[in-house]
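Encoded as structure tokens, the structure appears first; notes follow it.
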Amino acid sequence: MPDVRELTPDDLNDAWQLGRLAFGSDPQPPPPPNPAGRTLYGAFDPTGTLIGKAVDLHDDQWWAGHAVPAADVAGVAVAPEARGTGVGRALLKTLLRNARDRGAAVSTLFPTTAAPYRACGWEITGQLRTLDLPTATLPRHRPDPRLTVRAGTTADLPNTAELYRRVAHHRNGLLTRTHPRFTATDELPYDGLTLVEHDGHLLGYAGWDRGRGYGPDAVLTVEDILATTADAARALVGVLASWHSVTPTLRLAPLPGDTISTHLPLERAREHERDAWMHRPVDIVRAVQTRGWPTHTHGQVTFTLTDDLADWNTGTWRLTVADGHADLHRSTDDADLHLTVRGFARLYTGTATARALAETGLLHHSTSDPSDLDLLAAGPTAHLIDYF
């Protein structure tokens, strides 16, 4: 097995080159090291050559009003000569163990291929969909005279971050965006920032990139758009519609079911890109106890769980949910419900029912009603709108 350890500054150039080859990046010097809020791991062969790498992003995710510590995984790359030899598994096993030691509860990643991550306990639990809309089909409304629509500056970024928090914190799975990669404010991260305010209070914003040209192939790309009222959403959509004469296509990844989505002609959308994302628990006790749960949900269920990569999760457990909180404790009772770690991920994110998991083989039972484990799926479906 390879030697897996944290990368040192002396390793960063080799790690950059390995990633450049794996992901087909243009040859260029590596960026300056930016280790804040992340841990970089490398796998080395007996000669000391770097043959694999992975990054643990020290994110937090919103789960029903609670910030849950996460180990979001990025930049996994293995040298072609070492693929299929267990290098990736060794990297991820070390990453998970150390992430648990630092307090992480859950983990998310965007795979280039799902099979090796499924073998390590991650499961596909959602898709980040980027849509193209004909700009000319966007509705244009007479602006509400009570609202102010203006261009934003870097001084407005703290307010947009606070509005994002207000929209995201009661949902499941969204990043809190408190990681250092989200908090740099030296310049706007977009070509333009449009704000909608009422009496000086921010109600919505859109960060957009103009793109190139003004012909039939021109695209206006919205990198981030959120609103907290219908009037603010209408105002933002109206500003985007005003680009129809020079950017025939609007490209964006709306948050499913949010205020903006209700004002878009989604029946005219075509999919530009789809990025599946995968989830798994780092520590199931912490994952259950640190998140919020629906206040109307009450119940108990006992199950066994098997986790080959994170053995601290393996065992028999009793889940209790009541009054917006949940506890998970080891149990000595017999359990007829046998859950895989991938099945846990599907239930935790609200993307499957227990009965459906039984049909897929991610949950096994003999006499018990599998739907008893739907208790673990209580709450809204998880979403993710930030790619990493």
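Being a predicted model, the structure only gives us computed values, none of them experimental.
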With a cut-off of 3.5 Å and sequence neighbours excluded, list every side-chain donor-acceptor pair involving residues 51-58.
from, atom 1, to, atom 2, distance (Å)
K53, NZ, G75, O, 2.7
D56, OD1, R102, NH2, 2.9
D56, OD2, R102, NE, 3.1
D56, OD2, R102, NH2, 3.2
H58, NE2, T39, OG1, 2.8
H58, NE2, R102, NE, 3.4

Show the atom names and distances, to 0.1 Å, of all donor-acceptor pairs under 3.5 Å that link a side chain in residues 353-363 to residues at least two apart or in another chain.
from, atom 1, to, atom 2, distance (Å)
T353, OG1, A356, N, 3.2
R355, NH2, D369, OD1, 2.8
T360, OG1, L357, O, 2.8

Using residues 104-114 as the side-chain source, report each donor-acceptor pair under 3.5 Å to any protein atom, sequence neighbours left out, with the distance given to one decimal.
from, atom 1, to, atom 2, distance (Å)
S107, OG, A71, O, 2.6
S107, OG, W122, NE1, 3.2
T108, OG1, Q61, NE2, 3.0

Distance-only check: which donor-acceptor pairs under 3.5 Å involve side-chain atoms of residues 229-242, not counting sequence neighbours?
from, atom 1, to, atom 2, distance (Å)
T229, OG1, A232, N, 3.1
D231, OD1, R234, NH2, 2.3
S242, OG, V239, O, 2.5

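At most 12 heavy atoms of other shown residues, nucleotides or ligands fall within 6.0 angstrom of atom CZ in R212. For E187, the CD atom sits in a loose shell: 12 or fewer heavy atoms of surrounding residues, nucleotides or ligands are nearer than 6.0 Å. Residue D334 qualifies as open at atom CG: its count of foreign heavy atoms under 6.0 Å is 12 or below.
Criterion: ILVMFWY side-chain heavy atoms under 4.5 Å apart, direct or through other members. Under it, L220 and L138 are part of a common hydrophobic cluster. Residue V68 is grouped with residue L328 when hydrophobic side chains (ILVMFWY) are merged at heavy-atom distances under 4.5 angstrom, including chains of intermediate members. Using a 4.5 Å cut-off between side-chain heavy atoms of Ile, Leu, Val, Met, Phe, Trp and Tyr, with links allowed through other members, L226 and L193 fall into the same hydrophobic cluster. Under the 4.5 Å side-chain heavy-atom criterion for Ile, Leu, Val, Met, Phe, Trp and Tyr, L18 and L95 are members of distinct hydrophobic clusters. The cluster map of Ile, Leu, Val, Met, Phe, Trp and Tyr, joined by side-chain heavy atoms under 4.5 Å apart, puts L7 and V78 in different clusters.
In this structure, Y348 contributes its side chain and A287 its backbone to a donor-acceptor pair below 3.5 Å. Under a 3.5 Å cut-off, the side chain of T137 and the backbone N or O of L133 do not form any donor-acceptor pair. Side-chain atoms of R210 come within 3.5 Å of backbone N or O of G213 as a donor-acceptor pair. Judged by distance alone, with hydrogens and angles left aside, the side-chain atoms of T125 form no donor-acceptor pair with the main-chain N or O of R346 at under 3.5 Å. Listed for the R270 side chain is no donor-acceptor partner under 3.5 Å among the backbone atoms of D132. Judged purely by atom type and a 3.5 angstrom limit, D14 has no side-chain atom pairing as donor or acceptor with the backbone of D11. A side-chain donor-acceptor contact under 3.5 Å links D156 to the backbone of T153. Of the possible donor and acceptor atoms, none in the side chain of T304 sits under 3.5 Å from a partner among the backbone N and O of T316. T228 contributes a side-chain N or O that, together with a main-chain N or O of L203, makes up a donor-acceptor pair within less than 3.5 Å. The backbone N or O of T259 sits less than 3.5 Å from a side-chain atom of T262, completing a donor-acceptor pair.
D3 pairs by the salt bridge (Lys or Arg N to Asp or Glu O under 4.0 Å) definition with nothing, not counting sequence neighbours. Looking at residues two or more places apart in sequence or on another chain, you find a salt bridge (Lys or Arg N to Asp or Glu O under 4.0 Å) between R100 and D283. Take D72 and apply the salt bridge (Lys or Arg N to Asp or Glu O under 4.0 Å) test, not counting sequence neighbours, and it matches no residue. With sequence neighbours left out, R129 forms a side-chain contact (heavy atoms from CB on, under 4.5 Å) with Q127, L131, E271, R274. With sequence neighbours excluded, the residues that form a side-chain contact (heavy atoms from CB on, under 4.5 Å) with E223 are Y190, D209, T221. S245 pairs by the side-chain contact (heavy atoms from CB on, under 4.5 Å) definition with nothing, not counting sequence neighbours.
Within the 4.5 Å cutoff, the side chain of V288 has no heavy atoms near those of the D327 side chain. The shortest side-chain heavy-atom distance between R268 and L266 does not fall under the 4.5 Å cut-off. At least one side-chain heavy atom of I284 sits less than 4.5 Å from a side-chain heavy atom of F344. W208 has its side chain within reach of T194: a pair of non-hydrogen atoms, C-beta onward, lies under 4.5 Å apart. With contacts defined as side-chain heavy-atom distances shorter than 4.5 Å, the pair T349/W63 qualifies. Side-chain contact check for V196 versus Y205: every heavy-atom pair is 4.5 Å or farther apart. Within the 4.5 Å cutoff, the side chain of D217 has no heavy atoms near those of the P248 side chain. The closest side-chain heavy-atom distance from F303 to D372 is not below 4.5 Å.
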Practice item. Start with the C-alpha distance between R97 and D311, add both sets of side-chain angles, then the distance that settles salt bridge (Lys or Arg N to Asp or Glu O under 4.0 Å), and finish with yes or no. Key: CA-CA 10 Å; R97 184 171 295 278; D311 56 4; 3.7 Å; yes
Exercise for review: Begin from the C-alpha positions of T47 and D45 and carry the test side chain to side chain donor-acceptor pair (under 3.5 Å) through to its verdict.
Suggested key: CA-CA 5 Å; T47 70; D45 70 12; 2.6 Å; yes
Practice item. Could you walk me through whether R118 and E123 pass the salt bridge (Lys or Arg N to Asp or Glu O under 4.0 Å) test, one step at a time? Key: CA-CA 6 Å; R118 279 181 164 146; E123 182 52 55; 2.9 Å; yes
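Contact check on R150 versus E197 returns a salt bridge, with a Lys/Arg side-chain nitrogen under 4.0 Å from an Asp/Glu carboxylate oxygen.
Hydrophobic cluster membership for V219: none, as no Ile, Leu, Val, Met, Phe, Trp or Tyr side chain comes under 4.5 Å of it.
Here side chain to side chain donor-acceptor pair (under 3.5 Å) pairs that include residues 373-388, with residues two or more places apart or in two chains, are R177-D386.
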